[in-house]
Amino acid sequence: MTRVATPTRVATPARDATKRTTRCRWLTRPRDDDARRRVATNAGNGRFIVGGNWKCNGTRASVKTLIEELNAGELRDVDVVVAPPFLFLDEATETLKAPYEVAAQNCWVEPGLVDPTHHYDSDTGAFTGEVSAEMLEDLRIPWVILGHSERRNLFNESNEFVGKKVAHARFHGLSVIVCVGETLEERESGKTMDVIFAQLKAVATEIDDKEHSSWGSQVVIAYEPIWAIGTGKVATPEQVQDVHAKIRQWLADNVSEEVAKATRIQYGGSVNAGNCSELARLSDIDGFLVGGASLKGDDFVKICNTSAVHYKAIGRKPRSGSVVTYSFDEDGELLETK
Ligand code: PGA
């Protein structure tokens, strides 16, 4: 009987750490000017970023309609990343107009891989049903969401596994939205920050390097309390600001001040067109990761445009060259101006 050889994974030899972020040049362009601009608040200095996580939703027809709605919206000084299911990534890439960018909702790394150099050079092979970061790189998908609580909980993804995935994706030049967050039980027993710090540490362990080049504007942290996801129960502004400020402090203490400033921290969990303005005013919210409401084009565009509310709250002027003028009513609500 002829036996078909199973491809084997060979750990990559050590290489210069700086090569990790230069390997995929088309994906590693500077992402925004704001990342280098310091502001006189505790806030980060990154550009507001909103992600739309479509999860396992969509038909050909509904995806076409949603993309049309998104393309019809006008976005104001904001990075926007939408994450369709794998099957629709190509269509979204082809049909969404700038500034929309596209993310995969997951990618693969071999969990048992021992690779002390953390370079994860190749992960294609006999992994039925999986999609590798190499494939995303090949298809020019610029972003990937990793460590979503649905993957951690439904598919038993450990902190360490998520950390490896982040490092692997970064090696392939992908920008990453990495999700962290606690269960209700963990919050009620006072363990929220312990849980989140352990999740962050697993990422930092894998992508740490001398230049911290794997962090900054290309690793976004999404704080998503599990009890708020898909439940309609949004965290209070105080709860969100408290956790975000502590995440930023953790980055300052454990990675670097520069990374703490440049890292965008999103809030996710029942964000919708009605509650986004109040949350966007918080100084340490640098954007949102939106599930259910990202499936409604108009609502999602409105959520994205709360970037203006955020910049006003932290005293940052809109970018020069912006064609949009911002104005606000007496309550600080953004007015629909163009
Ligand atoms: P939700 O999902 O907005 O539907 O709560 C957020 C997420 O899971 O990313």
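Owing to the predicted nature of the structure, the values given are computational and were not obtained by experimental measurement. Ligands are counted one by one from 1 in listed order, and the atoms in each one are counted from 1 as well. The first residue in the sequence is number 1, and the count goes up from there.
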### Query
Has the side chain of Asn305 got a donor or acceptor atom that lies under 3.5 Å from a matching backbone atom of Glu74?
yes
### Task
Could you tell me whether a side-chain N or O of Thr263 sits under 3.5 Å from a main-chain N or O of Ala260, the two making a donor and an acceptor?
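Here the side-chain-to-backbone pair does not exist.
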### Task
Would you check ligand 1 and list the protein residues that come within less than 4.0 Å of it by any heavy atom, ordered by chain and number?
Asn53, Lys55, His148, Glu224, Ala228, Ile229, Gly230, Gly269, Ser270, Leu289, Val290, Gly291, Gly292
### Task
For the pair Phe48 and Phe288, name the ring-plane relationship: parallel under 30°, tilted 30 to 60°, perpendicular over 60°.
perpendicular
### Message
Is it the case that over 12 heavy atoms from other parts of the model lie below 6.0 angstrom from the NZ atom of Lys201?
### Response
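12 or below, so no.
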### Task
Go through the structure and list residues passing side chain to side chain donor-acceptor pair (under 3.5 Å) with Glu186, not counting sequence neighbours.
Thr183
### Query
If you round to the nearest 0.5 Å, how far is CG of Asp77 from CZ of Arg47?
4.5 Å
